Enquirer: 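Got a structure for you, written out below as structure tokens; questions coming shortly.
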Amino acid sequence: MTRVILPSLVVAALVAAGCASALHEPTPIDKLAPHKANGRSADELMRDADAAWARHGEPGKAAAAQDLYLDAAASDDKRVEAVLGAMRAMTYRIEHDKTVGDRGVLAEHEVELGQWCQRRAPTNGECDYRLAIALGQQARERTSTGKDAMGKMVDLLHRAIERAPQLESGGPHRVLAIVLVRAPSWPVGPGDPEAALEQAQAAAKAFPNTADNQLTLGEALAANDKRGEAHVAYRKAHELAEAAKRAGDPEADGWLKDAKAGIENTEGASASTP
């Protein structure tokens, strides 16, 4: 899902759109929680939340997981994993849940949770990672925050790479690659195709059998005029996405769509690959 936080051609518009702050004093988690615990302890809420999230591809399950995680986070101010779980559910819902009324509001709440996550666990790399994703989604929905968000995302992702590079199959490397390959270059933005390729290669080297990583590698290779190698990466991404679809991964359809587009855009270039 991290590939869709900032679609191609959108980042430049975000950077130029305005200068509103991407962060503000966050709403207390207690006010974000739905308070449907019905007497359940934080442990029980986490158990039920994890069970709902395990089925998040089914209608209503991601929303149920989000609510349960929020209630767990509100009932125990030391529950970092509850905050992270709620953010993960929000990320998914913003991209895939058609019942979400205002994605901008949900993204703002996700950013607020990211700030609470950092306050609860200042050295937790997953807090940095998920806040970066949240800022990207907020910037897409609230374009005036785009310019401020880009710099913060890059800093957060570098920290996440230092603290938890293996997270979500190389997610910190992968998301940083996406930001760097799609953003405009200095002085307008942080874009850097060569640095993006280094990050994409790091993710793909660590987790070569992840469709998301191969898609990001293909995009970064193409941005560096390595279309033949990009074609190979996109074809591998397509194979991995097909396998993921057979396994029932709810992200697979999006990966297949991106892989097909990448293959078509680099068609005829594969012969130049060493």
Side-chain angles (χ1 to χ4, degrees), residues 2 5-6 10-11 13-37 42 45-46 49 62-63 65-95 97 100-160 162-164 167 172 175-176 179 183 189-190:
T2 52
I5 57 170
L6 294 170
V10 173
V11 178
L14 293 178
V15 172
C19 56
S21 176
L23 299 175
H24 55 78
E25 181 60 27
T27 303
I29 293 178
D30 188 64
K31 290 187 177 181
L32 298 176
H35 296 290
K36 299 177 182 179
L45 289 165
M46 285 298 300
Q66 175 187 311
D67 285 350
L68 288 161
Y69 283 127
L70 283 171
D71 276 340
S75 67
D76 183 349
D77 62 10
K78 294 182 173 58
R79 289 271 176 171
V80 177
E81 69 273 27
V83 179
L84 290 168
M87 293 180 72
R88 184 171 61 243
M90 288 177 176
T91 295
Y92 179 84
R93 293 188 67 218
I94 289 168
E95 304 304 334
D97 189 346
V100 174
D102 190 331
R103 283 171 167 73
V105 170
L106 190 57
E108 288 172 3
H109 290 167
E110 186 184 5
V111 169
E112 291 175 324
L113 286 178
Q115 293 174 261
W116 285 117
C117 192
Q118 291 190 315
R119 293 181 186 185
R120 289 188 178 190
T123 62
N124 188 313
E126 188 170 1
C127 292
D128 298 327
Y129 174 64
R130 299 216 172 275
L131 178 54
I133 293 173
L135 285 167
Q137 290 183 306
Q138 177 183 257
R140 188 187 61 198
E141 303 299 329
R142 300 282 191 263
T143 55
S144 64
T145 68
K147 186 172 184 178
D148 187 44
M150 291 300 101
K152 286 181 170 61
M153 288 178 71
V154 171
D155 290 342
L156 286 164
L157 290 166
H158 277 299
R159 284 218 309 259
E162 292 177 359
R163 294 169 172 174
L167 180 66
V175 177
L176 181 55
V179 174

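One is the number of the first residue; the rest follow in order along the sequence. Owing to the predicted nature of the structure, the values given are computational and were not obtained by experimental measurement.
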Enquirer: Looking only at heavy atoms, what is the nearest atom pair of Met153 and Ala132, with distance?
Expert: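 Result for this residue pair: CE-O, 3.3 Å.
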Enquirer: Exactly one of Leu156, Val175, Leu176 should register a side-chain contact (heavy atoms from CB on, under 4.5 Å) with Tyr129. Which one does?
Expert: Val175
Enquirer: Can you name the one residue among Gln138, His24, Arg103, Arg142 that meets side-chain hydrogen bond (donor to acceptor under 3.5 Å, both in side chains) with Glu108?
Expert: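 The passing option is Arg142.
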Enquirer: Taking side chain to side chain donor-acceptor pair (under 3.5 Å) as the test, write out the residues that go with Asp67, two or more places apart.
Expert: none
Enquirer: Does Leu23 form a side chain to side chain contact (heavy atoms under 4.5 Å, CB included) with Asp148? I'd like the steps, not just the answer.
Expert: CA-CA 9 Å; Leu23 299 175; Asp148 187 44; 5.5 Å; no
Enquirer: Dump the intermediate steps for side chain to side chain contact (heavy atoms under 4.5 Å, CB included) on Glu110 and Leu106, then the final yes or no.
Expert: CA-CA 6 Å; Glu110 186 184 5; Leu106 190 57; 5.9 Å; no
Enquirer: Quick check: does any side chain N or O of Glu126 sit under 3.5 Å from a backbone N or O of Leu167, one acting as donor and the other as acceptor?
Expert: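 No, because the side chain of Glu126 does not come within donor-acceptor range (under 3.5 Å) of the backbone of Leu167.
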Enquirer: Which residues satisfy the salt bridge (Lys or Arg N to Asp or Glu O under 4.0 Å) test with Asp155, sequence neighbours excluded?
Expert: none
Enquirer: With the side chain counted from C-beta on, respond yes when Leu84 and Cys117 share a heavy-atom pair under 4.5 Å apart, and no when they do not.
Expert: yes
Enquirer: Please enumerate all residues that pass side chain to side chain donor-acceptor pair (under 3.5 Å) together with His35, with sequence neighbours excluded.
Expert: Asp30
Enquirer: What residues, two or more places apart in sequence or in another chain, satisfy salt bridge (Lys or Arg N to Asp or Glu O under 4.0 Å) together with Arg79?
Expert: Asp43, Asp76, Glu81
Enquirer: Which heavy atom of Gly146 sits nearest to which heavy atom of Ala139, and what is that distance?
Expert: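 The pair with the smallest heavy-atom distance is CA-CB, 3.9 Å.
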Enquirer: What residues form a salt bridge (Lys or Arg N to Asp or Glu O under 4.0 Å) with Asp128, not counting sequence neighbours?
Expert: Arg159, Arg163
Enquirer: Would the distance check show the side chain of Trp116 and the main-chain N or O of Asp77 forming a donor-acceptor pair, the cut-off being under 3.5 Å?
Expert: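 Absent.
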Enquirer: Take Ile29 and Leu113 through the side chain to side chain contact (heavy atoms under 4.5 Å, CB included) test and state the conclusion after the steps.
Expert: CA-CA 7 Å; Ile29 293 178; Leu113 286 178; 3.9 Å; yes
Enquirer: So, for Ala49 and Leu68, which heavy atoms are closest and what is the spacing to 0.1 Å?
Expert: CB-CB, 3.5 Å
Enquirer: Can you list the residues that meet the salt bridge (Lys or Arg N to Asp or Glu O under 4.0 Å) rule with Arg120, with sequence neighbours excluded?
Expert: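 Partners of Arg120 by the salt bridge (Lys or Arg N to Asp or Glu O under 4.0 Å) criterion come out as none, since no residue qualifies.
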Enquirer: Quick one: pull up CD in Gln115 and CD in Glu112 and give me the separation to the nearest 0.5 Å.
Expert: 7.0 Å
Enquirer: Mind checking the OG1-CD spacing from Thr91 to Gln137? Nearest 0.5 Å is all I need.
Expert: 4.5 Å
Enquirer: Test your reading of the model: is there a side-chain donor-acceptor pair from Ser75 to the backbone of Ala72, 3.5 Å cut-off?
Expert: yes
